[in-house]
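For reference, the structure is listed below as C-alpha cells.
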Amino acid sequence: MNAGELLSLCKRRGFIWPSFEIYGGVAGMYDYGPLGTNLKDNIISLWRKAYRQGEGFVEIDSETVNPEPVFKASGHIDEFSDFVVYCLGCKEPFRADHLVGDLHPNPDTLSADELKSLFVENGVQCPDCEGDLGDVEEFNLMFKTNIGPGSSRAGYLRPETAQGIFVNFPHLYRYNREKLPLGVIQHGRGYRNEISPRQGMIRLREFNMMEVELFVDPDDKTWPRYDRVKGRDLRLIPEDGSERTLTLEEAVAQGIIANEVLAYFIWVTKRLLEDLGVDCSKLRFRQHLKDEMAHYAMDCWDAEVLLSYGWTEVVGIADRGCWDLSQHSKWSKQEMTHFKRFDEPREVERTVLKAKYRQLGPLFKGDAKEIASMIEACGPQDIKDGEILLEFKGEVIPISSDLFEVVDVREKVSGEKVVPHVIEPSHGLDRIFYTILEHAYRREDDYTVLSLKPQVAPIKVGVFPLMSRDGLDAKALQVYDLLSEEGIEAYYDDSGSIGKRYARMDEVGTPWCVTVDYETLEDERGLQDTVTVRDRDSSEQRRIPIPELVNVVKELLKGRDFASL
RNA sequence: GCGGACGUAGUGUAGCUGGUUAUCACUUGAGCUUGCCAAGCUUAGAACUCGGGUUCAAAUCCCGGCGUCCGCACCA
C-alpha cells in the first residue's frame, strides 16, 4: 500500500485534515476530523484503561506553557538547542560546536559569542568550500513565548508532557501517601519546532503523546505482576543489532533488558499496541545505542512498527534513572525524595561536628548562623591540619578548631532518603493512530476496508432501512436512537443502495451494520422485531431481536466472536 | 535549510506548442427507482496553490512565496 492512498482516505472521510489548509497549510500540522477525533479518543481510552485500571496509576493534566527554569532543569534549554553557523560562501549550515571540536575540550558548553571568537582566532573556515563563516545562531527546537506582558518571564511550549509530572512530584508523592511505586500518566500536546517535518503525520510540530512516569525505589526494580507474564515472548533487537525472540525472563537473566520492571512495561506496551490493532508481525523492540540515548536516559527501548515509511518508533520505554527529579531538586531547591523506612530503626554511631555558637557570633555577626550550618554539614574528614576551609560568599575562610567541636553521637535512624528512579513508557499518539490505520487498511479491486478493532473503531454500528419507505426508515431511526442512548456510536444512512451503504461503513472501519428489512415488520412468522446484523470482516449476517440488540453489540465490543452469535 | 520533481472540483485526472462555456470518471445533494453487498435514470453542486510579471489575452510562458513528494542534512 502507499501512504498517499491512505492519507487521501483520511482526508476525504474526516479522519485528519492538514491544518490551516485554506491558508495554504503549515507543514507538520494536522487537525483531527470527526472520525479521527473519535478514533483518537478510543486509543486514549484503551491506554488509560491499561494503566489506570490495569496498573492502578493516577492521571493528571498539566500546563503546556512552562516557565524557563523547568527546562533549564530538565536540560532541554541546553541539550535541545544547537548552535548553527552558515557558510557565507556555499550557505551550508553547520553545527558550530562540531567545527571547533579540536580547539576546545568541551565545545558544547560554549556560548554563541565564545564560539564565534574561537572561529575568528583560529581562522576556522567552511569545511566544504573553505569559505568564511557567518554569525553563530542558536537554534532551539522549543517554541518560545512570554508569560505575561513584556519579555520579563520567558516561557516555552513543552516538548514533552513528562516535565508536568516531575514538577508535581511532591504533590503526587503526598497524594500517594508517601509510598512507592507511584505511577502517573498524562496525555496531551507537545511541541517541537522541527526543521523540516516529513512523512505525513509521522513527524509533527505539534503532536499528542500519552506518557507514563513510574517512580520506583532505585534498589527495587521488580514488579508484582511480572511473574504472570515472564514466560511471554518479545521480539528484541538489543544494542548489538542482532534480532532475537526471547521471553521476558530470558532477556532479564541475560542482562539484555536492564531490570524486571522495564521488561514488564515493554510487555504491557506490546499488549496495548496489539489491543489497539497494531499488527504484531510488524512490531519489534529495539534498544537504543549509547550515543543515541537522550541526555536523561539510562536504558531505552523503542517499540518500532513497520510502516510504508519503514520501521518507525511509536513508543519509547526509558529508564530515566534519577535524572529528572535530581535536576528539579537542584534547580528548585525542593526536596524530591522518597523516605525509605527500614524494617527496624537502626542505632547508628556517628562522628559529627558541632558549631560553637558562642564564639562564632561575635566573630561573624550576621553571617554566623549560615556559617554554623555549613560547619555542621561537614564531617571529620573535612578537617585538614586542625581547621576546615569553607567557601563563603566567594571567599575561602579558614575555621579553626576552637570554633567547633568533634563529638560522637548515637542516633536512631528509621530510614533513608532516596531519589526515586523513573521508568517512562512514552507513546506517540499520532504515530499509533496512523499505524492503526495503515495496519487496518485492506484494498481489493477498488474496494477498501479498514479492519479496525471494534474497540477503537470511530463508528460501532451503521443503521439502515433496507428501503426508505413502508415505515422501514422510521423503524430504523428507532433502532438508531436505541443504540445512541446506550452510548454506542451509531450512524444512520438511508441513501442509495444497501451495498453502497455497507461500502461506506467498511471504508471507515465500522465493524457491524444493522439493517431493518421487511421481516422486521412481519409477524406471522414470529420474526417480528428482528434485524440483520452484518459483520464487516466476514460479510456474514445474523438475525437478532431488537430487544437483544444492545446487549449483543456490547458483547461483540467486549470481544465475542461474531460467528458464535 | 539545500537540490530535484510536482501543485486543475471532495478524490483521481484531461487540457499546458497562450484565445475552450476548462475534459472525463468517481464522490456529494435532490427526485424517481431500489427486497441485502459501491445497480440504473433525471437533475443540481463543485476546481485551475497564492502573488507578481510578460501579453490585446495566462490553467498554459517567466519570477517569487506557500505546500506536497523524493534525495542530503536534522530527528531530543
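In what follows, every chain begins at residue 1, and chains take the letters A, B, ... in the order their sequences are listed.
Ring-to-base geometry places Y518(A) in a stacked arrangement with G35(B) (centre distance under 5.5 Å, plane angle under 30°).
G1(B) is paired with C72(B) under the Watson-Crick or G-U wobble criterion, all donor-acceptor distances under 3.5 Å. Across all strands shown, C66(B) is found opposite G7(B) as a Watson-Crick or G-U wobble partner, with both distances under 3.5 Å.
A tilted orientation is assigned to the rings of Y309(A) and Y434(A), their planes being inclined by 30° to 60°.
Nearest-nucleotide mapping onto RNA chain B: of R534(A) and Y191(A), the residue sitting toward the 5' end is R534(A).
Which of U34(B), U27(B), C37(B) sits closest to the side chain of Q541(A) comes down to C37(B).
Protein atom NZ of K500(A) is 10 Å distant from nucleotide atom P of A38(B), rounded to whole Å. Rounded to an integer number of Å, the gap from E507(A) CD to G12(B) P is 13 Å.
Contacts of T515(A) classified as side chain to side chain donor-acceptor pair (under 3.5 Å), with partners at least two apart in sequence or in another chain: Y502(A).
In this structure, CD on E555(A) lies 13.0 Å from CZ on F562(A), to the nearest 0.5 angstrom.
For F15(A) against P458(A), the heavy-atom pair with the smallest separation is CE2-CG, 3.8 Å.
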> In the 5'-to-3' direction, what one-character label does each nucleotide of nucleotides 42-51 of chain B receive under the scheme B = base within less than 4.0 Å of a protein heavy atom, S = sugar-phosphate only, - = no such atom?
Replying inline: ----------
